[in-house]
Protein chains: 2
Amino acid sequence: MTTKKATIKDVAREAKVSIASVSRVLNGLGGVTAETQAAVRKAAARLHYVPDSAARSLITGRTHTIGAVLPDLYGEFFSELIRGIDLAARAKGLHLLVSSSHDGVEDAAAAVRTMRGRVDGMIILSEFVDGDFLDHNLPSDLPAVLLDSPVDNPRYPSINMDNVAGAQAMVKHLLDTGHASVAFINGPAGNYDAQQREKGYRAAMGQLAPKAKLNIVAGDFSEESGYRAGRELLAQAKRPRAVFAANDMMAVGCLYAFKEAGIRVPEDIAIAGFDDILIARYVSPSLSTVSVSIADLGKSALLLLTELMEGKGHAGSNTRTLRCDVVVRESCGAHQTNVATKHPPALV
Amino acid sequence: MTTKKATIKDVAREAKVSIASVSRVLNGLGGVTAETQAAVRKAAARLHYVPDSAARSLITGRTHTIGAVLPDLYGEFFSELIRGIDLAARAKGLHLLVSSSHDGVEDAAAAVRTMRGRVDGMIILSEFVDGDFLDHNLPSDLPAVLLDSPVDNPRYPSINMDNVAGAQAMVKHLLDTGHASVAFINGPAGNYDAQQREKGYRAAMGQLAPKAKLNIVAGDFSEESGYRAGRELLAQAKRPRAVFAANDMMAVGCLYAFKEAGIRVPEDIAIAGFDDILIARYVSPSLSTVSVSIADLGKSALLLLTELMEGKGHAGSNTRTLRCDVVVRESCGAHQTNVATKHPPALV
DNA sequence: AGTTTTGATGAAAACGTTTACGTTCCGCCG
DNA sequence: CGGCGGAACGTAAACGTTTTCATCAAAACT
């Protein structure tokens, strides 16, 4: 509107007070009479004054911004996560600086470094971070919380979804539904989530079907690898009665392999996935899966981070876990569905 | 690592030069001998010096950050858009400040205002912005580009996807495939995209099937509204041969309505959508749709914004358009598919 | 009435940079 | 040999805040 942006001095002059008083009024510090307060507010409004955040940060040392560094993530997961973080951040009056799509250690390190000084805290989700990474790239005084990470460093709390309990629950459900043999399609070797889910599978099998042989085939989270895994399973001498894939995309790939081979799902073989991606609802048969509220994950991360920033940090439980829920749909054979009147799924 | 963060003074002392020289070296301004340069670099490295961005912004007036304010968007669209922007921004050495999930004018206005001073430019996607909004909430000297907006203000260039051409092409395709009558499921009344797509539908029909009567039913972009629209269409005296929904979710809803009624797709009625969301590939029959590279949209927006920021903001063509492509799948009846060997869809 | 307490206010320092301007030194030309 | 130009470098001002401290008046005590 005006040609030059107004500074605190302009406001002070306009209101006939000192800049100190302006600062006090605008920051609600008290120690000002109602009249000066009114005068300052009026002047500020008239001049469209907005405090310069750079100057403010310089002196206070706070940016009121938190940074999120994320890998090149699968769409839905990404957007839900950001939404959760963003919403919680806004509620706390914080801004969100995002840096995503990192596909290498160096890339992630650069991202973390360039955020230095621009943020009051960080939320990091990256397969590349470990203790060393943090020590080398994070200023020691910068609060950070890790997402979905195996790192157990007391300085950096982490939030994980409860992969093992979720996987365990799903395997239990499959066994309970009457499928005696359950095979598992694994994720990429180095992936933490995959490892945890496999652990859950092993645990459930060991506990509930101790005499059954474990049946684990390789995969890499891609739909195509699920397809290949599906064919591999079909080629086995004794076909499993159910397949539990470490993520939904592989489950879908597997589903296509079965369809192609004329195998009926769930009548001949049941299938279940993990993640509850949007697609799971729309493939046919709709996919039973394990769901985790990703937005909640983001929200929890931010809340934990703000606690850290406010110094309420730590002591004890510095790692939190988010519950996972089994979502029963058609593909596992336990769904009560009136096939005749198939209503549209819930709105997204 | 070190207990206190190093400032430029520390580096100067360590390198036995003045702070001015340190600044010159680190900013590559020249006017320094190779020796001092080396000394400074060594000192900076030893101290793990990182320039304070707040102080830098304060004096230079630049933040090297661009802001994106977005509505509470559909997942996939959102993540793709952010990815496009983020990638392009990083390539230009810019940071990305995100504020999403705004569901009201006041909300969006607040977001824009609080970004003031924190960013060098903004990318705005919001149904609430119009000329007034911008004049009231944007500092006049802050470059901004609008996404998918009807605003035609010379001060704010905008980038739109070519909704009308895309819709036109899809209708043409449906007609060419032999479906004589094409109905249209509209989007929410106030929505710009919806309006443009309707416009494309009208244009194509008027041009290619001038004697056919227009058949437009209401919808609001939700899956459920698509379902209702589908039932409405089935109840018509003379059923259309093809349905073109203003977005994919409605097309999916419509598909379910047809399935429920025992209508075969595409044999009895063809269906097409708009957006090419991930699901489109996975419903059965897979959904023909109009695709636009959302990441490109984000990238273009950022590139345009940086041009503006560098002062290359020229008069004339201040609004750009992004091409849309018809994606032919099974639901429109023109797809050559070997149903016997249905391969898994392309990886995402 | 004199003294202390209280509360509002302003002056000025500090935050860590960039940059305009001086200073110094050296080599070169006249 | 004296002056001059330019390169290298340093000094200090400026950016717009917050915050400490001093000041001062008025109210509250003795």
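Below, read A as the first sequence line, B as the second, and so on, with proteins coming before strands; counting in each chain starts at 1. These numbers come from a predicted model, not from an experiment.
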Student: Going by the rule side-chain hydrogen bond (donor to acceptor under 3.5 Å, both in side chains), which residues pair with B/R90 if we only count those two or more places apart in sequence or in a different chain?
Tutor: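 B/R90 satisfies side-chain hydrogen bond (donor to acceptor under 3.5 Å, both in side chains) with A/H102, B/D86 only.
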
Student: For B/R118 and A/T65, which I'm curious about, is there any donor-acceptor pair between the side chains at under 3.5 Å?
Tutor: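 Result is yes, a qualifying pair exists.
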
Student: Could you state the CD1-P distance from B/I19 to C/dA20, rounded to the nearest angstrom?
Tutor: 15 Å

Student: Salt bridge check, B/D10 against B/R13: does any charged N sit closer than 4.0 Å to a carboxylate O?
Tutor: yes

Student: Rounded to whole angstrom units, what separation is found between the CD1 atom of B/I8 and the P atom of C/dT17?
Tutor: 5 Å

Student: Looking at every strand, decide which applies to B/S23 at a 4.0 Å heavy-atom threshold: base, sugar-phosphate, or nothing.
Tutor: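 The residue B/S23 makes base contact.
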
Student: Just checking, is any N or O donor in the side chain of B/N160 or B/T321 under 3.5 Å from an acceptor N or O on the other one?
Tutor: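 Judged by distance alone, the side chains do not pair up.
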
Student: Rounding to an integer number of Å, can you tell me how far B/K5 NZ sits from C/dT17 P?
Tutor: 9 Å

Student: Please list, by residue number, the residues of residues 26-37 of chain B whose heavy atoms come closer than 4.0 Å to an atom of DNA chain D; answer none if no residue qualifies.
Tutor: B/G31, B/V32, B/T33, B/T36

Student: Separation of B/H64 atom NE2 from C/dT17 atom P, in whole Å?
Tutor: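 Atom-to-atom, B/H64 to C/dT17, this comes out as 14 Å.
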
Student: If you take all heavy atoms of A/T7 and A/Y49, which pair is closest and at what distance?
Tutor: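 Looks like C-CE1, 3.5 Å.
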
Student: Please test A/D72 against B/R83 for salt bridge (Lys or Arg N to Asp or Glu O under 4.0 Å), starting from the C-alpha separation and ending with a verdict.
Tutor: CA-CA 8 Å; A/D72 203 344; B/R83 166 183 296 175; 2.7 Å; yes

Student: What nucleotide, of C/dT19, C/dT17, C/dT9, holds the atom closest to the side chain of A/S21?
Tutor: C/dT9

Student: If you count heavy atoms of other groups shown closer than 6.0 angstrom to CZ of A/R113, is the number above 12?
Tutor: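 Yes, the 6.0 Å shell around CZ holds more than 12 heavy atoms from other groups.
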
Student: Measure all distances between protein nitrogen or oxygen atoms and nitrogen or oxygen atoms of nucleotides 22-24 of chain C, and list the pairs falling under 3.5 Å.
Tutor:
none

Student: Compute the angle between the rotation axes at the two ends of the helix from C/dA1-D/dT30 to C/dG30-D/dC1, each taken over five pairs, rounded to 10 degrees.
Tutor: 60°

Student: So which atom in A/L125 and which in A/L147 form the shortest heavy-atom distance, rounded to 0.1 Å?
Tutor: CD1-O, 3.3 Å

Student: What integer distance in Å separates A/R56:CZ from C/dT17:C1'?
Tutor: 20 Å

Student: How far apart are the closest heavy atoms of A/A144 and A/L138, and which atoms are they?
Tutor: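 Scanning both residues, the minimum pair turns out to be CB-CD1, 3.7 Å.
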
Student: Mind checking what makes side-chain hydrogen bond (donor to acceptor under 3.5 Å, both in side chains) contact with B/D162, not counting sequence neighbours?
Tutor: none

Student: Does anyone know the first and last nucleotide of DNA chain D in reach of chain A, 5' to 3', at under 4.0 angstrom to a heavy atom?
Tutor: D/dG16 to D/dT19

Student: Which heavy-atom pair separates A/A111 from A/S99 by the least distance, and what is that distance?
Tutor: CB-OG, 3.7 Å

Student: Search all heavy atoms of B/R24 against all heavy atoms of B/G30 and return the closest pair with its distance.
Tutor: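 Result for this residue pair: CD-O, 3.8 Å.
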
Student: Minimum heavy-atom separation for A/V145 to A/L304, with atom names?
Tutor: CG1-C, 4.4 Å

Student: Is there a side-chain polar atom (N or O) of A/R24 under 4.0 Å from OP1 or OP2 of C/dT9?
Tutor: no

